[in-house]
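Let me begin by presenting the structure, written as structure tokens, before commenting on it.
A, B, ... follow the sequence lines: proteins, then strands. Residue 1 opens every chain. Atoms considered below: every heavy atom in the structure, side chains included; atoms not considered: hydrogens, waters and symmetry mates.
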2 protein chains.
Amino acid sequence: MSSQRDFHDIDERKKLILRAVTDEYISTAEPVGSRSIARRYNLGISPATIRNEMADLEEAGYLEQPHTSSGRIPSDKGYRFYVDVMLEPKEPSRSLKQRILREFIQRQGEIEALIQHTAKILATLTNQAALVISPSFQESTIQHIRLLPLDEMRLLVVLVTDPGFVNTRIVELSRGISGGDIERISGYLNGRLKGLTIRDLRATLVNEIQSELSRYRSLAEEATSLLVQALDDTGPERIYREGTVNMLGQPEFQDVKKVKGLLEVLEEDGLMFEALSGTPPGRGTEVVIGHENRHAGLYPCSIVSASYEIKGRVSGAIGIIGPTRMDYSRIVALVKYVSECLSEFLSEA
Amino acid sequence: MSSQRDFHDIDERKKLILRAVTDEYISTAEPVGSRSIARRYNLGISPATIRNEMADLEEAGYLEQPHTSSGRIPSDKGYRFYVDVMLEPKEPSRSLKQRILREFIQRQGEIEALIQHTAKILATLTNQAALVISPSFQESTIQHIRLLPLDEMRLLVVLVTDPGFVNTRIVELSRGISGGDIERISGYLNGRLKGLTIRDLRATLVNEIQSELSRYRSLAEEATSLLVQALDDTGPERIYREGTVNMLGQPEFQDVKKVKGLLEVLEEDGLMFEALSGTPPGRGTEVVIGHENRHAGLYPCSIVSASYEIKGRVSGAIGIIGPTRMDYSRIVALVKYVSECLSEFLSEA
DNA sequence: ATTAGCACTCATCTATTGAGAGTGCTAACG
DNA sequence: CGTTAGCACTCTCAATAGATGAGTGCTAAT
């Protein structure tokens, strides 16, 4: 995980200066010099002193100099310290909260649209790239299972799960099944499985069901293989992206090569799942900074993520990707708030 | 539409030269001069003569000069001529065709995966951005309609249509309906609607059904509103993108501002539907060049598109977006071939 | 320990220059 | 009269040089 160190090499004044440099750089995107710090932040010390402290901070690895004798910018380690030690999440304003709530209320009901819109909200408010992983199919609980015969050899399996997901799957039969049998199997499965999660089902129950269904002998095999087929893909666990282009506005992405490297990673679903996989289950947020990322394309970026829950069960995650120079205090608070909203809206549906 | 002119201002030799310039520029991305044409193409005329012809071609608007005294590059009008008059589609090689077929066969069955994969194939083979519009819900024919009661107040409408689509929709009822009534309505709708397209249904039948169903009096209203609700969105008509990043490798997109403008357009579903809307219904391909596009972000781009059919009915479209300097002969042939494959695979399912 | 002062460094900007590619024009040629 | 050779001209691109300015590191004074 992130290099959790003691940061014992930093005293109170260094801390102030590091914060000033970081804040300044976050808002200007320009290397910051000792003079401007002395001017804008009333630390009661002269540029020269600040210079000395900055030299120490650089040696300790918290700051970097793009070139000799330009101002300093925070290193990944500097941001890590900023986030771990100094971060004071900037609670969204009352009016912003209301605006977010209103957006959510508009999209209530259609779960897919809600998720998609969540990504849009995040992207718009942060002006960065937003990701939302749709509720985990594995973790959703079964409400209904229905089998609809389409023709002699094909069956439509309809699976309705808790957070409002409807998952359908066409299954090819190896031989015909009578309508009566289908009714019976359907009824049995429905009664037996209601309220279980997909994960439970896959982990333990498939065998059990197979033996229970063996009364129907020849059908048992058919029915189970059918179930397995129906559950076999990852289901509707999709990843929603919004505002990836927003990043092209950022001064750190004026170089097409960097942009390309970044977008290549962003476009790959698997990598994005992975990137959000470290998200903590609780109501906290996770921040991954720069080179802590696995993929080189994300080295110039940080990811702020949080998970959301449906009725207390972790279901998916949301995240913001932006340059390491991002407004952590605002974004961390926003991601946290939006994840809470999403949990709430998904739970009450 | 494309400026269909007579191109009477071009004689045979000018044609040869225009083709040479265009071919050369397509493969090198550098403005091409009279000398290199004289060297590489054995036209039996000297650079000076070529210069004169090129000057004429420029005056007539087929060529452009990025700056005085650099080589010429084709203008949009030049490409238009090239595409309309001189294009000889470069039939994909036998081995390439086989490779494409193999890719299709692998993904058979799952319609969504097939569509998605089609985009991937196109993007990979052309190294440009590929779009595929999934089969039009409006044009698909109804195979089954089923109503499944979820609880007292909610009904799941399951609609299975011809090219293997399953569309579901949860409908909130304003009051309860008995199981018997649901059965009856379901049965009635199923018998009545099978084989119709959604478009037919929406256009003419809703009223008719309403009156027929009026035997069930109070239910009529309920049932129709339910149908209308179920059909109300555009359905699963989605747009699949692949390889948008490919374009960042092209020399014409080394400027981040251009890239941003382009990606902003590409990301917007509505605009992409619009961009593919001119696609001709038959088995031909449509080429939209540069400034013929509606949106400024696409001015540096051309779009090659073709529609595909399911059992003879136009269902969707596929397209390639790349810089105006693209290998039209290869790409036009490829798009045509892939659209034919897709039609075939979707029709036999 | 802090600060003022000063020399030094380095990126950025602007001009200048030279090279190279390619054109347009003119005059000669068949 | 169409074609071609020759030549001056234009314009981009890359390299160079000087000026500018922000910011540092160091030293000596407070």
Measure [atom1]/[X] against [atom2]/[N] and give the value in whole Å, please.
X	N	atom1	atom2	result
A/E24	D/dG23	CD	C1'	15 Å
B/E58	C/dG22	CD	P	15 Å
B/Y25	C/dG22	OH	C1'	16 Å
B/H67	D/dC13	NE2	C1'	9 Å
B/I73	D/dT12	CD1	P	14 Å
B/L57	C/dT23	CG	P	12 Å

B/Y62 and B/Y82 aromatic centres sub-6.0 Å: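 So the answer is no for these two rings.
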How many angstroms lie between atom CG of A/D9 and atom CD of A/E59, to the nearest 0.5 angstrom? 10.5 Å
Near DNA chain C, which residues from residues 26-56 of chain A have a heavy atom under 4.0 Å away?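 Here the set is A/G44, A/I45, A/S46, A/A48, A/T49, A/R51, A/N52.
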Charged N to carboxylate O under 4.0 angstrom, B/R241 versus B/E267?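 Looking at B/E267 together with B/R241, the answer is no, because their closest N to O distance does not fall below 4.0 Å.
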Go through the side-chain N and O atoms of B/T22 and B/Y328 and say whether any donor and acceptor fall under 3.5 Å apart. no
Go through the side-chain N and O atoms of B/E24 and B/Y41 and say whether any donor and acceptor fall under 3.5 Å apart.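 Yes, B/Y41 and B/E24 have a side-chain donor paired with an acceptor closer than 3.5 Å.
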Under 4.0 Å between a side-chain N or O of B/T68 and OP1 or OP2 of C/dT23? no
Considering only heavy atoms and no angle criterion, is a donor-acceptor pair shorter than 3.5 Å present between the side chain of A/S69 and the base of D/dT24?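 Answer is no: no donor-acceptor pair is held.
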Between A/T49 and A/I45, is there a donor-acceptor pair closer than 3.5 Å when you use the side chain of the first and the backbone of the second?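 Answer holds: no.
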Of all the choices, [options], which nucleotide is nearest to the side chain of [X] once you look at every atom?
X	options	answer
B/R72	C/dC10, D/dG25, C/dG24	C/dG24
B/Q65	D/dG25, C/dA21, C/dG24	C/dG24
B/R13	C/dA11, D/dT3, C/dT23	D/dT3

